Amino acid sequence: EPEVTQTPSHQVTQMGQEVILRCVPISNHLYFYWYRQILGQKVEFLVSFYNNEISEKSEIFDDQFSVERPDGSNFTLKIRSTKLEDSAMYFCASISKKVHTGELFFGEGSRLTVL
Amino acid sequence: AQSVSQHNHHVILSEAASLELGCNYSYGGTVNLFWYVQYPGQHLQLLLKYFSGDPLVKGIKGFEAEFIKSKFSFNLRKPSVQWSDTAEYFCAVNGGSQGNLIFGKGTKLSVKP
């Protein structure tokens, strides 16, 4: 069964450092998402991406965050200068159509720890 | 703005007990509703979804959920839980023109063998 894969599974970084989280969505999917879950809190939407551009983003997705699909397969989330409050589990997801017509397929997540 | 409330933070049951996890949402228009499950160390997986039609939807592993529009609820049920159902369960809603899901805080279910 095809699946969404994410790397790294766990990254520890110092505050102020740049972090890139990588995702390989399911190959025929068209819509890509990043969500995050701070420990003990709800899963929160960050950004959606379609046709090589951001289609929606939440208030959390400020100028410190960026996404791109550099090579047609990877979908990356970059945090330019990490803060302590960026520590969370980051989930990538993809779907072949808009989510209101189908289900999101999630990766296993990348745990980011900012020290 | 849409929101999803899951009132139970942690539920502890013995095997064979019946389960009902509450989910309420706030949105005035047509919604699509989902329950996702996250087993320990694994990714979020879809349990079931409601788009339209029969408000009682059946999902995988014996789970079902009932959409009650008048109560803005989409509670998850299972008649007899197993130890392997130990996981965190997330209710989510998508409505209007939004392309993203709004998740509840999740309910952790622990089933004692």
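Owing to the predicted nature of the structure, the values given are computational and were not obtained by experimental measurement. We name chains A, B, ... by the order of the sequence lines, and we start the count at 1 in each one.
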J.: Within this structure, what is the OG-NZ distance for the pair B/Ser5 and A/Lys42, rounded to the nearest 0.5 Å?
T.: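 Those atoms lie 7.0 Å apart.
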
J.: What part of B/Gln38 gets within 4.5 angstrom of chain A, counting heavy atoms only: side chain, backbone, both, or neither?
T.: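 For B/Gln38, the contact with chain A is made by the side chain alone.
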
J.: Which answer fits A/Gln37, side chain, backbone, both or neither, if we ask what part of it has an atom under 4.5 Å from a heavy atom of chain B?
T.: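 When you check distances to chain B, only side chain atoms of A/Gln37 fall under 4.5 Å.
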
J.: Quick check on the hydrophobic clustering: are A/Tyr90 and A/Ile60 connected, directly or via other members, by side-chain heavy-atom contacts under 4.5 Å?
T.: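 Yes: a chain of side-chain contacts under 4.5 Å links A/Tyr90 to A/Ile60.
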
J.: Is there a continuous path of hydrophobic side-chain contacts, each under 4.5 Å between heavy atoms, that joins A/Val67 to A/Tyr50?
T.: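 No, it is not one cluster - the side chains of A/Val67 and A/Tyr50 are not joined through contacts under 4.5 Å.
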
J.: When you group the ILVMFWY residues by side-chain heavy-atom contacts below 4.5 Å and let the links chain together, are B/Leu46 and A/Ile95 in the same group?
T.: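 Linked, A/Ile95 and B/Leu46 end up in one cluster.
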
J.: Among A/Phe45, A/Tyr33, A/Tyr35, whose side-chain contact (heavy atoms from CB on, under 4.5 Å) with B/Leu101 holds?
T.: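 For B/Leu101, the side-chain contact (heavy atoms from CB on, under 4.5 Å) check succeeds only for A/Tyr35.
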
J.: Heavy atom to heavy atom, less than 4.5 Å: which residues from residues 9-18 of chain A reach chain B?
T.: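 No residue falls under the 4.5 Å cut-off.
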
J.: With sequence neighbours excluded, what pairs up with B/His43 under the ring pair (Phe, Tyr, Trp, His ring centres under 6.0 Å) test?
T.: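 None.
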
J.: Does NZ in B/Lys108 sit with more than 12 non-hydrogen atoms of other residues, nucleotides or ligands closer than 6.0 Å?
T.: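 No.
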
J.: Quick check on the hydrophobic clustering: are B/Ile102 and B/Phe74 connected, directly or via other members, by side-chain heavy-atom contacts under 4.5 Å?
T.: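 Yes: a chain of side-chain contacts under 4.5 Å links B/Ile102 to B/Phe74.
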
J.: Counting heavy atoms not belonging to A/Asp63, are there more than 12 under 6.0 Å from its CG?
T.: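 Counting other residues, nucleotides and ligands, CG of A/Asp63 stays at 12 neighbours or fewer.
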
J.: Do A/Leu104 and B/Phe34 make a side-chain contact, defined as non-hydrogen atoms from C-beta onward lying under 4.5 Å apart?
T.: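 No - every pair of side-chain heavy atoms lies 4.5 Å or more apart.
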
J.: Above 12 or not: heavy atoms from other molecules or residues under 6.0 Å from CG of A/Leu115?
T.: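 It does: A/Leu115 CG has more than 12 such atoms within range.
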
J.: Can you say whether A/Phe91 sits under 4.5 Å from chain B via the side chain, the backbone, both, or neither, judging by heavy atoms?
T.: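 Only the side chain of A/Phe91 comes within 4.5 Å of chain B.
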
J.: To check you understand the geometry: which heavy-atom pair defines the closest contact between B/Phe90 and A/Val43, and what is its length?
T.: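 Minimum heavy-atom contact is CE2-CG2, 3.9 Å.
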
J.: Flag yes if more than 12 heavy atoms outside B/His10 fall under 6.0 Å of its NE2 atom; otherwise flag no.
T.: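 Enclosed.
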
